[in-house]
Amino acid sequence: MFPVNKTRRDTRKVVYGPPLKQLRTFLRPVVGSSSSHGSSRSRSVQLTDDLIEYIFTLLPIKAAVKAGLVARRFRDSWRLTRRIHFEKELAEGYDNDKLETILNHVFESHRGDEIKSFRLHFDPNAHELHLPEWVRKCIQKRVQELDLDISQPKQEPSFPLPPRFLDVESLKVLKLSYSVFQLPPDIKGLSLLTTLVLRRVDITPKIIQTILDRCALLETLDMGQCHGFRLLRIHAQKQTRLRVLKVGNCRAEVRVIEIDAPSVGSLYYSGSISNFRVISQSLLFLKEAMLYFKPLKGITNPLQVERLASSISNNVELLTITSTFLEGLSPRIVDGVLREKQVSFRNLKELQLIMENPSYCNAGDIASFLKNCPRLEKLFIDVSINYEQIIYIYLIFMNKLFVMMMLLQADEFTFDGGAFYELHQKPLLDKHSALFKHLKLIKIMGFRFQPCHLDLTRFLLGKAMSLEYMFLLLPKSFRFSRALSQDMDFFTDAFLSWKLSPDAEISIGFAWEDKSFVYPKQSRSWY
C-alpha cells in the first residue's frame with residue numbers, strides 16, 4: 001500500500017483509572033514559602049497505610065494479590081477485595097479442580113464487608129454444586145455486578161438458574177450466558193438494575209416484560225443469540241432511562257421482533273428484516289443504529305424499509321446498514337419515470353455500508369442513498385464477502401451448488417446492476433446535483449477495478465469537495481493481471497482527474513497491509 005502522508009497527528013493517549021487531570025491534582029506536591037526571600041520548598045503527599053490498603057481493595061483479585069507483595073503490611077489485603085474476577089483469560093489457566101479450590105479459598109478467606117462485582121468463566125459440569133454458594137456469599141455482601149460466563153460453546157443453554165438466584169436488591173449489572181433464565185413470581189429485587197446482557201440464554205417473553213416493568217433504572221438491554229420465544233415484544237414506553245437496546249441473531253423460530261422504545265439512543269439489530277418492526281413513530285433520541293439485515297429469498301419490502309428509515313432518520317449520527325436495507329430504498333420506475341426515495345438522514349456523520357450476496361444493489365443505489373446524507377463525514381463501504389454469510393445463505397437456499405460457486409468467488413460481491421443500471425441509473429450518476437461538503441474520508445474494502453466499482457469511485461471523488469483521504473483496499477484473492485498492471489498509470493491519472501478536492505490523497509493496496517488506522521466505529525458483530 002502507498003502510505004498516506006498525514007498532515008495531522010493523533011496525540012490522544014489511553015489513560016487507565018481516574019482522569020489524568022484529577023490524578024495530577026491528587027498527587028501534586030504542596031508548595032509553600034519558607035522565607036521572605038521567596039525561596040520555596042515542597043513536601044510530597046504521604047499516603048497512609050489505611051488509604052493504600054483501601055486502594056488495593058478496589059483492584060481485581062489477581063492484581064490485589066500482586067499489589068500486596070510490596071510490603072508485609074499489605075500481604076493479606078486481597079482478603080478485603082471488592083472485585084472477585086475470574087474471567088476467561090484467568091480461569092482457563094487452571095484446571096477445574098484447581099479453580100474450584102482457589103475460589104473456595106477466596107470466599108472462605110474474604111473479610112470485607114462488600115463485594116462489588118463477581119465475574120466468573122466456568123464449566124457448569126464441574127462447579128454446579130459450588131456456584132450457588134459463591135453467589136449467595138456475594139448477595140450477602142451486597143454485590144452490584146454479577147457476570148456468569150458459562151463455558152458451553154457447542155451446546156444449547158442448559159444450565160438452570162434457580163428462581164431466587166437473581167432476585168437481588170443490590171444488583172446493578174447482570175451478564176449471563178448459556179443458561180436458562182428464571183425469576184420467582186413474587187420478585188422483590190432487580191429494582192436497581194441498569195445493565196442486562198444475555199448471550200445464548202433461554203428466556204420467555206413474560207420474563208422480559210417483567211424485567212422492563214420492574215427495572216425502572218434499566219439503561220442497557222443486550223440480547224445475543226437468545227431463544228425461548230416466537231414473538232419478542234420490547235415495549236418500553238415507560239422506560240425513560242433505556243438508552244441502549246441490542247437484539248442479535250435470535251433463533252430461527254422467532255417470527256416477530258417488535259420494538260417500542262422511544263427513549264433509545266443506541267439501537268443494534270442483527271437478523272432478518274422480515275421479522276423486525278419498530279412501532280415507535282419516531283426515535284427522537286436515537287444517535288447510533290446498526291441494522292445488520294441478512295439476505296432474503298425474495299425482494300425486500302420497500303414499504304417496511306421506508307417506515308423503518310423514517311423512524312430512525314431524524315437525529316441518527318452513526319449508522320451501519322447492509323445491502324438488504326438499501327434495496328428497500330432503491331429508486332424505482334413510477335409512471336415511466338425513475339423516482340428516488342426522499343428519506344433524509346440530515347444529521348448522519350458516519351455511514352458503514354456492508355454489501356452482501358445475493359443483492360440487487362449497484363452504484364446508482366448507493367449514490368441515491370448518499371445524496372440524502374448532507375452532513376456525512378466518514379464513509380465505509382465493504383464489498384467483500386465473509387464465510388459466515390455463505391453459511392447463512394446455505395441455510396436459506398439449501399443449494400450446495402450455489403454455495404460452491406460463492407466459495408469459488410469468495411471476497412467478491414456481485415456489484416453489477418445489469419441492464420436496468422446501465423439504462424436508467426448510470427446516466428444519472430454525473431447528473432446528481434448534491435455535493436458532499438463535509439465528507440473527508442472514504443474507505444472501500446474489496447475494491448477490484450470492476451466497472452461498477454470505478455463508477456462509484458468516480459461519483460464519490462467528483463462530489464466530495466472537502467475530501468482528505470480515500471482508501472481503496474483490494475481483497476486477498478485479487479491478482480494483478482498483466483493488462484491491469486500496464487493500465488495502472490491510466491487509472492492513476494483517472495483518479496486524479498475525477499477528484500473535486502485538490503487536497504484529496506488516494507491510497508490503493510491490499511487489505512492485509514492496511515495502514516490507514518481508520519476503521520468504522522461499529523463492527524460487524526458485537527456479540
Side-chain angles (χ1 to χ4, degrees), residues 84 103 107 114-125 127-152 155-242 245-247 250-251 253-254 257-258 260-261:
I84 302 178
L103 281 165
F107 280 102
E114 183 182 46
I115 296 178
K116 284 188 175 291
S117 60
F118 178 43
R119 299 177 185 174
L120 177 62
H121 175 83
F122 70 103
D123 181 355
N125 299 320
H127 308 306
E128 183 175 1
L129 297 177
H130 293 87
L131 181 63
E133 179 64 19
W134 297 337
V135 175
R136 184 185 62 80
K137 291 183 178 180
C138 291
I139 294 174
Q140 291 175 349
K141 299 192 176 186
R142 304 185 301 279
V143 65
Q144 297 181 14
E145 178 185 349
L146 196 58
D147 184 351
L148 303 180
D149 183 12
I150 300 176
S151 177
Q152 288 181 305
Q155 300 181 24
E156 296 295 323
S158 59
F159 184 72
L161 297 173
R164 292 288 181 186
F165 203 73
L166 303 175
D167 191 7
V168 185
E169 296 183 5
S170 60
L171 202 59
K172 294 182 179 181
V173 177
L174 176 60
K175 299 179 181 180
L176 298 174
S177 65
Y178 287 97
S179 57
V180 180
F181 198 107
Q182 303 178 81
L183 289 177
D186 56 339
I187 181 173
K188 298 179 181 179
L190 299 183
S191 59
L192 300 178
L193 191 68
T194 61
T195 302
L196 177 62
V197 179
L198 306 176
R199 295 288 181 267
R200 294 184 182 271
V201 170
D202 191 331
I203 187 170
T204 65
K206 184 178 180 181
I207 291 180
I208 295 175
Q209 194 58 46
T210 299
I211 292 173
L212 292 173
D213 294 338
R214 175 76 182 172
C215 306
L217 302 180
L218 190 65
E219 298 176 356
T220 300
L221 175 58
D222 185 349
M223 301 173 58
Q225 296 178 303
C226 295
H227 69 98
F229 47 83
R230 289 183 176 272
L231 174 62
L232 175 60
R233 287 193 176 100
I234 301 179
H235 289 183
Q237 302 94 332
K238 299 180 181 179
Q239 291 288 342
T240 58
R241 292 177 175 266
L242 186 61
L245 177 58
K246 300 182 179 182
V247 181
C250 292
R251 297 302 179 89
E253 65 266 19
V254 180
I257 297 178
E258 195 174 86
D260 186 7

Please report the closest heavy-atom contact between [X] and [Y], naming both atoms and the distance.
X	Y	result
Leu166	Leu190	O-CD2, 3.3 Å
Glu169	Ser191	O-OG, 4.4 Å
Asp186	Asp167	O-OD2, 4.4 Å
Leu196	Leu218	N-CD1, 4.2 Å
Val143	Phe118	CG2-N, 4.2 Å
Ile187	Thr210	CG2-CG2, 4.5 Å

Query raised in the report: Is the number of heavy atoms from other residues, nucleotides or ligands within 6.0 Å of NZ (Lys141) greater than 12?
Result: yes

Query - Arg136 atom CZ, over 12 foreign heavy atoms within 6.0 Å - result: yes

Rounded distance (nearest 0.5 Å) linking atom [atom1] of [X] with atom [atom2] of [Y]:
X	Y	atom1	atom2	result
His227	Cys250	NE2	SG	10.0 Å
Lys206	Ile211	NZ	CD1	13.0 Å
Arg199	Leu148	CZ	CG	14.5 Å
Glu114	Gln140	CD	CD	14.5 Å
Glu133	Cys138	CD	SG	10.0 Å
Ser177	Gln225	OG	CD	11.0 Å

Are any non-hydrogen side-chain atoms of [X] and [Y] less than 4.5 angstrom apart?
X	Y	answer
Ile208	Phe181	no
Tyr178	Asp202	no
Gln209	His235	yes
Leu192	Leu171	no
Leu103	Phe122	no
Leu131	Leu120	yes

Query raised in the report: Is the shortest side-chain N to carboxylate O distance from Arg233 to Glu258 below 4.0 Å?
Result: yes

Query raised in the report: Passes side-chain contact (heavy atoms from CB on, under 4.5 Å), Arg142 versus Lys116? Steps please.
Result: CA-CA 7 Å; Arg142 304 185 301 279; Lys116 284 188 175 291; over 6 Å; no

Requested in this report: Go through the steps to decide whether Val247 and Leu232 satisfy the test side-chain contact (heavy atoms from CB on, under 4.5 Å), and finish with yes or no.
Outcome: CA-CA 10 Å; Val247 181; Leu232 175 60; 4.2 Å; yes

Query raised in the report: Quick one: which of His121, Arg119, Lys175 gives a side chain to side chain donor-acceptor pair (under 3.5 Å) with Asp149?
Result: His121

Query raised in the report: Going through the checks in order, is the side-chain contact (heavy atoms from CB on, under 4.5 Å) test met by Val135 and Leu146?
Result: CA-CA 8 Å; Val135 175; Leu146 196 58; 4.2 Å; yes

Requested in this report: Show the numbers, then the answer: is there a side-chain contact (heavy atoms from CB on, under 4.5 Å) between Ile115 and Lys137?
Outcome: CA-CA 9 Å; Ile115 296 178; Lys137 291 183 178 180; 5.7 Å; no

